[in-house]
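Have a look at the structure below before the remarks.
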Amino acid sequence: MEPTLFKKFIQYKAALAELGATEDFNALHQRILALQARFFTVEEQQRLFVEENQMRELALRQRELKQIAQSPEEYLQMWQQELAQLSPELQKSYHNANLLTALNETNSMDAQSQFLVRASLVGTEASQRLAALDEKRAHFEQSVQSYMLARAEIIDNESLSEYDREQAIAELREPLFNSRQIRRIEVLERIYDQNRALTP
């Protein structure tokens, strides 16, 4: 993204954050479109927001169909007709968004239920890979938590010099994390230290 466009995008995001919550989704949609027109040219809007806006319009149409349908069966029929009119690209985006939402909803399930639902959504092999990723993520988070506690003890040890603290932390960190993870850890350390400084 070009620097000028990026600057406008940051300003747009800041204005977007000030819109506030509302239950009138159609009005919110119109306000978002107005902000896009305020910050961007028509060409820039097409580049940045065309799919996002189409998905939001689709969600509004879905709400409208739910209100006018006389029965769940009628709604489903009208909704399928609506989806059939979408471009292949937008159909794929809608499918992927729904799939991601459904997968996220499995996070609160027990392991067995989670595996079965995921398998029904993406297949057994993909469900196994997701389970492996969950296990890997949980192990990493546990390692981070243990590391941060031990690191805090080193920082609070007044008998150590600044150099000794840095050496002890480096020796603690290196066996636990690979080089790619260490970059993430350094970011987490800064966040942790900032929060610690703000805590009375």
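Throughout, residue positions are numbered sequentially from 1 according to the sequence presented.
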*asked:* Let's go through Phe9 and Phe39 carefully: what are the C-alpha distance in whole Å and the side-chain angles of both, what is the deciding distance for ring pair (Phe, Tyr, Trp, His ring centres under 6.0 Å) to 0.1 Å, and is it a yes or a no?
replied: CA-CA 8 Å; Phe9 187 76; Phe39 286 99; over 10 Å; no

*Identify the residue among Arg38, Arg56, Gln45 that makes a side chain to side chain contact (heavy atoms under 4.5 Å, CB included) with Leu33.*
Arg56

*Between CD1 of Ile154 and CG of Leu149, what distance do you get to the nearest 0.5 Å?*
11.5 Å

*Linking I/L/V/M/F/W/Y whenever their side-chain heavy atoms sit closer than 4.5 Å, directly or via other members, would Leu16 and Leu28 fall into one cluster?*
yes

*Does the pair Glu64 and Arg61 meet the rule for a salt bridge (charged side-chain N to carboxylate O under 4.0 Å, His left out), with working shown?*
CA-CA 5 Å; Glu64 181 184 353; Arg61 179 59 176 161; 3.1 Å; yes

*Between NZ of Lys136 and CD of Glu141, what distance do you get to the nearest 0.5 Å?*
13.0 Å

*Point-to-point distance, once rounded to the nearest 0.5 Å, from CZ of Arg63 to CD1 of Ile68*: 13.5 Å

*Salt bridge check: are Glu44 and Arg47 linked by an N-O gap of less than 4.0 Å?*
no

*Look at Glu125 together with Arg129 and state whether they make a salt bridge at an N to O cut-off of under 4.0 Å.*
yes

_Contacts of Arg184 that satisfy salt bridge (Lys or Arg N to Asp or Glu O under 4.0 Å) - sequence neighbours left out_ = none

*Looking only at heavy atoms, what is the nearest atom pair of Met109 and Gln114, with distance?*
CB-N, 3.9 Å

*Quick one: pull up OG in Ser146 and CZ in Arg151 and give me the separation to the nearest 0.5 Å.*
14.5 Å

*Please confirm whether Phe49 and Tyr12 have ring centers closer than 6.0 angstrom.*
yes

*Between Ser120 and Val117, what is the shortest heavy-atom contact and its length?*
OG-O, 2.6 Å

*Examine Leu35 and Val50 and state if one hydrophobic cluster contains both, with Ile, Leu, Val, Met, Phe, Trp and Tyr joined whenever side-chain heavy atoms are less than 4.5 Å apart.*
no

*asked:* Within this structure, what is the CG-CD distance for the pair Leu60 and Gln30, rounded to the nearest 0.5 Å?
replied: 8.5 Å

*asked:* Using side-chain heavy atoms (C-beta onward) and a distance below 4.5 Å, is Gln181 in contact with Val144?
replied: no

_From Gln80, Gln67, Gln62, Gln70, residue fulfilling side chain to side chain donor-acceptor pair (under 3.5 Å) relative to Tyr75_ = Gln62

_Any heavy-atom pair between the side chains of Phe40 and Leu5 that's under 4.5 Å?_
yes

*Dump the intermediate steps for side chain to side chain contact (heavy atoms under 4.5 Å, CB included) on Trp79 and Leu58, then the final yes or no.*
CA-CA 10 Å; Trp79 180 236; Leu58 185 62; 3.6 Å; yes

_Note, Asn53 side chain near Gln36 side chain (heavy atom, < 4.5 Å)_ = yes

_Taking side-chain hydrogen bond (donor to acceptor under 3.5 Å, both in side chains) as the definition, give me every residue that meets it alongside Thr106, ordered by chain and number, with sequence neighbours left out._
Arg118

_Taking the basic N atoms (NZ, or NE/NH1/NH2) and the acidic carboxylate oxygens, is any pair closer than 4.0 Å for Asp193 and Arg190?_
no

_Spatial distance of atom CG (Leu65) from atom CD (Glu74) [nearest 0.5 Å]_ = 9.5 Å

